[in-house]
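A short worksheet on the structure shown next.
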Protein chains: 2
Amino acid sequence: MKSVAAENIKEKALQWTPQRKTVFSVIANSEKKHLLAEEIYLMSKKVMPNIGLATIYRTLELFCTEGILQKINLPGEPARFEMLKEGNNDHCHYVCLGCGKIFEAPIQKDLSLSGAENDNIKDFTITTRSCWYFGYCKNCRDKAKIK
Amino acid sequence: MKSVAAENIKEKALQWTPQRKTVFSVIANSEKKHLLAEEIYLMSKKVMPNIGLATIYRTLELFCTEGILQKINLPGEPARFEMLKEGNNDHCHYVCLGCGKIFEAPIQKDLSLSGAENDNIKDFTITTRSCWYFGYCKNCRDKAKIK
DNA sequence: GTCGCTGCAAAGCTTTTGCAAATCA
DNA sequence: TGATTTGCAAAAGCTTTGCAGCGAC
């Protein structure tokens with residue numbers, strides 16, 4: 001399993017090397033969805049002990065430009081990477097400040113231009129959306145109340 | 001002009017020092033809304049040549065925890081800082097990938113829980129929203145078509 | 001044989017930290 | 001005076017880059 005985007009790499013005469021296969025499968029098979037470069041590196045090293053960190057970074061960058069991955073930057077921590085799916089990737093993320101878990105939900109279709117009173121925005125062509133909500137999940141909120 | 005949040009600093013026995021005043025006024029009076037630490041540092045140095053970069057970072061962190069500033073992390077560049085206003089700060093950002101300009105619009109009220117099919121999300125308490133749309137403004141899109 | 005890819009090490013950049021001196025309450 | 005803040009320099013942490021060797025086509 002490589003995905004259409006992965007096929008694109010071959011078409012562009014870029015190589016589907018063992019290292020790139022490893023990085024791809026490690027991310028694709030991970031239970032965690034939002035991975036640090038360091039985590040991807042360590043998981044890849046289990047499969048391919050000689051792989052270098054620079055290769056990880058170069059591969060992640062490649063995958064991002066090819067639309068296989070999305071890079072996520074949250075405050076106070078290194079970048080994370082999330083696998084994109086064919087078709088709709090318009091979901092928003094709910095980050096619990098208590099337990100650190102990340103939940104996801106679809107983004108409303110009409111959300112993008114809502115409330116636009118500004119021509120610049122009414123006439124804006126969106127290519128990528130990134131919506132992040134920070135707060136507390138039920139569990140953590142309940143715990144906080146008990147305290 | 002200091003804002004309620006700035007007053008809070010005094011109440012907490014934190015000091016409203018010349019350096020902090022400088023950083024605050026430099027950001028408050030800037031035309032650009034989304035500033036790099038480096039930009040704030042250079043602007044502050046014009047007013048107070050001896051101010052140190054570490055002081056800038058420490059002040060920015062303080063202002064963020066006090067709710068005076070919001071830290072913004074976009075991929076591929078250092079953190080930016082945006083001044084928060086009293087009351088509603090729920091706006092989303094449109095970043096033009098052509099000219100780099102950032103436009104703003106209000107966020108829909110009902111946006112947060114829309115499409116939630118998941119209990120974790122239905123029952124999520126949001127404290128902060130961060131919505132970013134990437135794409136092309138009218139100008140840049142038109143230019144691209146001419147090419 | 002050419003071109004791209006890899007691993008290693010070094011460098012780069014942003015941000016944080018340690019500490020003595022200065023400042024403020 | 002005692003606690004906080006500052007500036008400088010050094011360190012830390014993440015990421016990128018240079019380069020020689022390797023591998024694919």
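Chain letters run A, B, ... following the sequence lines, proteins first, then strands; residues in each count from 1.
- Annotation for A:K138: atom NZ does not count as buried by contact number, only 12 or fewer foreign heavy atoms lying within 6.0 Å.
- Atom CD1 of A:I51 is separated from atom P of C:dT6 by 8 Å (rounded to the nearest Å).
- OP1 or OP2 of C:dT6 sits under 4.0 Å from a side-chain N or O of A:T17.
- Atom C1' of nucleotide C:dC5 and atom CZ of A:F63 are separated by 13 Å, given to the nearest angstrom.
- Distances shorter than 4.0 Å separate some side-chain N or O of B:T55 from OP1 or OP2 on D:dG7.
- Comparing the axis of the opening five pairs of the helix from C:dG1-D:dC25 to C:dA25-D:dT1 with that of the closing five pairs yields an angle of 30°, rounded to 10°.
- Between A:P78 and A:L36 the shortest heavy-atom distance is O-CD2, 3.7 Å.
- Whole-Å rounding puts the B:L60 CG to C:dT15 P distance at 9 Å.
- Between B:C137 and B:F103, the shortest heavy-atom contact is CB-CE1, 3.7 Å.
- In this structure, A:M48 atom CE and C:dC5 atom P are separated by 15 Å, rounded to whole Å.
- A:R141 places a side-chain N or O within donor-acceptor distance of the main-chain N or O of B:D123, the cut-off being under 3.5 Å.
- Straight-line distance from the CD1 atom of B:I40 to the P atom of C:dT14: 14 Å, rounded to whole Å.
- Considering only heavy atoms from C-beta on, A:F134 comes within 4.5 Å of A:L74 through its side chain.
- Contact of the B:C99 side chain with the B:Y136 side chain is not registered, since no non-hydrogen atoms from C-beta on lie closer than 4.5 Å.
- The shortest side-chain heavy-atom distance between B:T17 and B:T59 does not fall under the 4.5 Å cut-off.
- The shortest heavy-atom contact between B:G52 and B:Y41 is C-CE1, 3.8 Å.
- Between the CG atom of A:N50 and the C1' atom of C:dG7 there is a distance of 9 Å, given to the nearest Å.
- Rounded to a whole Å, the CG atom of B:L35 is 17 Å from the C1' atom of C:dT15.
- For the pair A:Y41 OH and C:dT6 P, the interatomic distance rounds to 14 Å; values are reported in whole Å.
- Of the possible donor and acceptor atoms, none in the side chain of B:S30 sits under 3.5 Å from a partner among the backbone N and O of B:V26.
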(request) Take nucleotides 10-25 of chain D nucleotide by nucleotide from the 5' end and write B, S or -, depending on whether a protein heavy atom sits under 4.0 Å from the base, only from the sugar-phosphate, or from neither. (result) ----SBBBB-----S-
